[in-house]
Amino acid sequence: CGLSFAREEPQLKQLTQLSVIDVSENEMGDTGLASLVNSLPLGITKLNLYDCGFLFTSEQLQIKQLTQLQELIVGLCPIGDTGLANLLNSMPLGTTKLTLQHCGLSFAREQPQLKRLTQLREL
């Protein structure tokens with residue numbers, strides 16, 4: 001549907017009963033993701049970011065502010081190992097499921113950030 005989240009949308013924070021966000025197939029990139037996350041109510045439990053053009057190049061992404069997030073889906077985003085490290089550092093500690101599909105990962109280097117996600121049950 002062409003969402004870009006070029007700016008924050010404060011009216012989304014008013015949707016306090018909202019728990020699942022699926023913005024798959026919207027080319028919003030890292031900047032759009034930052035605006036989206038800053039616009040969401042904190043009670044989001046599932047976030048689908050499939051095919052959204054993310055690289056997770058910035059260590060400034062703060063998905064961890066979504067403290068209730070249980071499941072994160074990232075796919076068709078060429079984040080590579082560096083992007084994965086940034087993503088893992090930005091995730092809430094209570095996340096239990098992380099889906100990574102077609103993300104250009106090699107796991108050529110260790111990802112110690114995985115150890116901080118002690119509640120992760122499915123990868």
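In this structure, Leu123 and Lys97 have side chains that are not in contact, with every pair of non-hydrogen atoms separated by 4.5 Å or more. Side-chain contact between Leu49 and Cys77 is absent, with no heavy atoms from C-beta onward closer than 4.5 Å. At least one side-chain heavy atom of Asp81 sits under 4.5 Å from a side-chain heavy atom of Ser106. Side-chain atoms of Thr95 and Ile63, non-hydrogen and from C-beta on, never get closer than 4.5 Å to each other. Between Thr16 and Leu42 there is no side-chain heavy-atom pair separated by less than 4.5 Å. Residues Lys64 and Leu93 fail the side-chain proximity criterion, which asks for heavy atoms closer than 4.5 Å.
To the nearest 0.5 Å, the span separating CD on Glu71 from CD on Glu122 amounts to 7.5 Å. Atom OG1 of Thr67 is separated from atom CD1 of Ile44 by 10.5 Å, given to the nearest 0.5 angstrom. Expressed to the nearest 0.5 Å, how far CD of Gln111 lies from CG of Leu84 amounts to 4.5 Å. Taken to the nearest 0.5 Å, the CD atom of Gln113 stands 8.5 Å off from the CZ atom of Arg116.
Both Val74 and Val23 are members of a single hydrophobic cluster when ILVMFWY side chains are connected at heavy-atom separations under 4.5 Å. Leu87 and Leu114 fall within the same hydrophobic cluster, defined by Ile, Leu, Val, Met, Phe, Trp and Tyr side-chain heavy atoms under 4.5 Å apart, directly or through other members. Transitive grouping of hydrophobic side chains (ILVMFWY, heavy atoms separated by less than 4.5 Å) brings Leu18 and Val37 into a common cluster. Residues Leu69 and Tyr50 do not share a hydrophobic cluster, clusters being chains of Ile/Leu/Val/Met/Phe/Trp/Tyr side chains in contact below 4.5 Å. In terms of hydrophobic clustering, with Ile, Leu, Val, Met, Phe, Trp and Tyr side chains grouped at heavy-atom distances under 4.5 Å, Leu105 and Ile73 are assigned to different clusters.
Smallest separation of non-hydrogen atoms from Leu88 and Leu98: CD2-CD2, 3.8 Å. Smallest separation of non-hydrogen atoms from Phe56 and Ile79: CD1-CG2, 3.2 Å. Of all heavy-atom pairs spanning Asp22 and Asn48, the tightest one is OD2-ND2, 3.4 Å. The two atoms that bring Cys52 and Glu25 nearest to each other are SG-N, 4.0 Å, heavy atoms only. Shown here for Leu66 and Pro92, the closest heavy-atom pair between the two residues is O-CG, 3.2 Å.
No donor-acceptor distance shorter than 3.5 angstrom exists from the side chain of Lys13 to the backbone of Ser39, with no hydrogens or angles considered. Between the side chain of Asn26 and the main chain of Ser24, a donor-acceptor pair closer than 3.5 Å is present. In this structure a side-chain-to-backbone donor-acceptor pair under 3.5 Å is missing from Thr96 to Arg121.
No more than 12 heavy-atom neighbours from other residues, nucleotides or ligands sit within 6.0 angstrom of NZ on Lys46.
A side-chain N or O of Asn38 and one of Gln65 form a donor-acceptor pair less than 3.5 Å apart.
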